[in-house]
Amino acid sequence: MQPNQHEANRWIVDKIIEWYQAHKRDLPWRHTQDPYLIWLSEVILQQTRVKQGLPYYQRFVEAYPTVDSLAAAPDEAVMRLWQGLGYYSRARNMLATARYIVEQLGGEFPARYADLLKLKGIGKYTAAAIASFAFDEDVAVLDGNVYRVLARIFGIEEDIASPQAAKTFGSLAQALLPKGQAALYNQAMMEFGAVQCPPQKPLCLYCPIQQTCEAFRRSMQQELPVKKSKVKVRERFFYYAIFQSGEQIALRKRTGKDIWEGLYDFYLYETPTEASEEAVL
DNA sequence: GTCCGGAAAG
DNA sequence: CTTTCCGGAC
């Protein structure tokens, strides 16, 4: 890093925070420092867009305004409220954790990142979100938005799906965090990513940090962040029937959008799983 | 159809 | 390390 890099970084962070204060969306969980409500919102938002999660959050807060009320709720009632959100194990983990907090921790929400991390259904992201939003612990969140914003600003071409990237981006995000302003910084980074610097069509033309953005300078907004799409391997089972008449063997031209398009092969019977000889015949 | 995403499980 | 869980956007 250049000697003035620290200053440049501080400038970038200040600009993003300034942008956040002017453009942030008014969302209900931004008006509370209650760790329970922040946790609730984060679990819902983990797998859901704000627009879709909002009504669920409102219904949960209405039905279960405290960790005690959630802990006392019947399983079916919670699952019913969760219906439509998907990833149902998260609702189950949330309920189990609420009960654990009430029964084992005297209803006291853990206040530190390291302790939050031990709870069921709370991983690095959610632990950092609660620790910073509710308790202002100086721990940086790392979510898809943060990855994207950092990859673009600094022109980082590391594959964000790799575990190694978590270290690179994690230490960078942590280094950028202004001490004592974790909640503000984290929310600003994520909101900036969601609104100003989305995956498609980032709003570079009126971006406050355009002048220091590597992706903009190199016109790489669409290429960053780099995410190696996992080529999913599918097993296919081909059983060929060979029809022979004298010297001639029947072949068939392959059509349609598939492997070997336009090429010839024998008459084919395909199964998604391995089939026995009897089944094929 | 493809891609996306936190945490847990494998 | 990779895969799985779900529903929505496109």
Side-chain angles (χ1 to χ4, degrees), chain A residues 29 35 38-57 59-60 75 78-98 100-101 110 113-134 139-152 158-170 173-174 186-187 189-195 197-202 221-236 255-259 261 270 272-273:
Chain A
W29 46 85
I38 289 166
W39 171 54
L40 180 61
S41 73
E42 290 302 337
V43 173
I44 291 172
L45 261 36
Q46 268 167 19
Q47 68 264 18
T48 312
R49 309 251 181 312
V50 167
K51 187 179 188 312
Q52 196 211 351
L54 190 53
Y56 283 87
Y57 174 78
R59 290 196 286 270
F60 265 93
D75 292 33
V78 171
M79 297 313 288
R80 208 180 310 125
L81 261 193
W82 193 266
Q83 217 169 90
L85 273 180
Y87 289 105
Y88 293 90
S89 66
R90 292 167 194 231
R92 287 190 290 272
N93 284 339
M94 184 172 77
L95 189 48
T97 291
Y100 174 81
I101 289 171
Y113 174 79
D115 295 323
L116 289 161
L117 207 46
K118 297 174 189 160
L119 301 173
K120 222 180 215 177
I122 296 186
K124 287 179 173 181
Y125 167 76
T126 308
I130 299 171
S132 62
F133 300 171
V139 52
V141 296
L142 250 200
D143 75 344
N145 291 310
V146 177
Y147 274 114
R148 185 172 58 258
V149 169
L150 294 180
R152 284 177 175 165
E158 197 171 332
D159 171 21
I160 63 166
S162 75
Q164 181 55 39
K167 296 183 179 179
T168 306
F169 286 85
Q174 193 64 33
N186 280 332
Q187 306 219 50
M189 290 292 284
M190 292 193 288
E191 187 76 345
F192 185 81
V195 176
C197 195
Q200 306 298 327
K201 302 183 182 170
Q221 298 96 315
Q222 283 311 312
E223 281 68 52
L224 295 174
V226 173
K227 193 171 352 173
K228 287 218 173 47
S229 55
K230 37 194 173 259
V231 268
K232 40 197 135 188
V233 178
R234 176 172 52 123
E235 279 196 287
R236 302 174 67 172
T255 57
K257 251 184 101 160
D258 198 4
I259 53 169
E261 185 181 345
E270 180 180 355
T273 55

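Protein chains get the first letters and strands the later ones, always in sequence-line order, with residue 1 at the start of each.
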Would you say the side chain of [Y] lies within less than 4.5 Å of the side chain of [X], judging by non-hydrogen atoms?
X        : Y        : result
A:Phe60  : A:Ile44  : yes
A:Lys124 : A:Tyr113 : yes
A:Met79  : A:Tyr88  : yes
A:Trp39  : A:Met94  : yes
A:Asn145 : A:Met189 : no

To the nearest Å, how far apart are [X] [atom1] and [N] [atom2]?
X        : N     : atom1 : atom2 : result
A:Lys118 : B:dA7 : NZ    : P     : 17 Å
A:Gln200 : C:dG8 : CD    : P     : 21 Å
A:Leu54  : C:dG8 : CG    : C1'   : 16 Å
A:Leu85  : B:dA7 : CG    : P     : 16 Å
A:Leu45  : C:dC6 : CG    : C1'   : 16 Å
A:Arg49  : B:dC3 : CZ    : P     : 15 Å
A:Arg92  : B:dA9 : CZ    : C1'   : 14 Å
A:Lys120 : B:dA8 : NZ    : C1'   : 10 Å

Legend entry - Closest-nucleotide 5' rank along DNA chain B - winner of A:Leu119 and A:Gln47: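 Whichever sits nearer the 5' end wins; that is A:Gln47.
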Inset, instruction - Would you classify A:Gln52 as touching base, sugar-phosphate or nothing, given that sugar-phosphate means primed atoms plus P, OP1 and OP2, and contacts are heavy atoms under 4.0 Å? - result: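 Answer is sugar-phosphate: A:Gln52 comes under 4.0 Å of backbone atoms only.
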Legend entry - Straight-line distance of A:Arg152 CZ to A:Cys197 SG, nearest 0.5 Å: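 SG of A:Cys197 is found 4.5 Å from CZ of A:Arg152.
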Legend entry - Any A:Lys227 side-chain N or O less than 4.0 Å from OP1/OP2 of B:dC4: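 So the side chain of A:Lys227 is within the cut-off, an N or O lying under 4.0 Å from OP1 or OP2 of B:dC4.
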Inset, instruction - From the options C:dC1, B:dA8, C:dG7, select the nucleotide whose nearest atom is closest to the side chain of A:Tyr88. - result: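 Nearest to the side chain of A:Tyr88 among the choices is C:dG7.
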Inset, instruction - Looking only at side-chain atoms of A:Gln46, point me to the closest of C:dC1, B:dG5, B:dA7. - result: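 Minimum distance to the A:Gln46 side chain belongs to B:dA7.
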Inset, instruction - Look at the side chain of A:Tyr87 and the base of C:dG7, then say whether one donor and one acceptor between them are separated by less than 3.5 Å. - result: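 No such pair is found, so the answer is no.
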Inset, instruction - Establish, from distance only, whether the side-chain atoms of A:Thr168 and A:Glu158 form a donor-acceptor pair under 3.5 Å. - result: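 Yes - a donor-acceptor pair under 3.5 Å links their side chains.
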Legend entry - The single option from A:Ile122, A:Ile101, A:Leu117 passing side-chain contact (heavy atoms from CB on, under 4.5 Å) against A:Pro110: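 So the option named by the test is A:Ile101.
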Distance-only check: which donor-acceptor pairs under 3.5 Å involve side-chain atoms of residues 49-57 of chain A, not counting sequence neighbours?
unit_1: A:Tyr56; atom_1: OH; unit_2: A:Gln83; atom_2: O; d: 2.7

Legend entry - Members of residues 139-147 of chain A that approach DNA chain B, where some heavy atom sits under 4.0 Å away: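 Within this stretch, A:Asp143, A:Gly144 sit under 4.0 Å of the strand.
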Inset, instruction - Enumerate the residues from residues 124-134 of chain A whose closest heavy atom to DNA chain C is under 4.0 Å, giving them by residue number; use none for an empty result. - result: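 Within residues 124-134 of chain A, no residue comes under 4.0 Å of DNA chain C.
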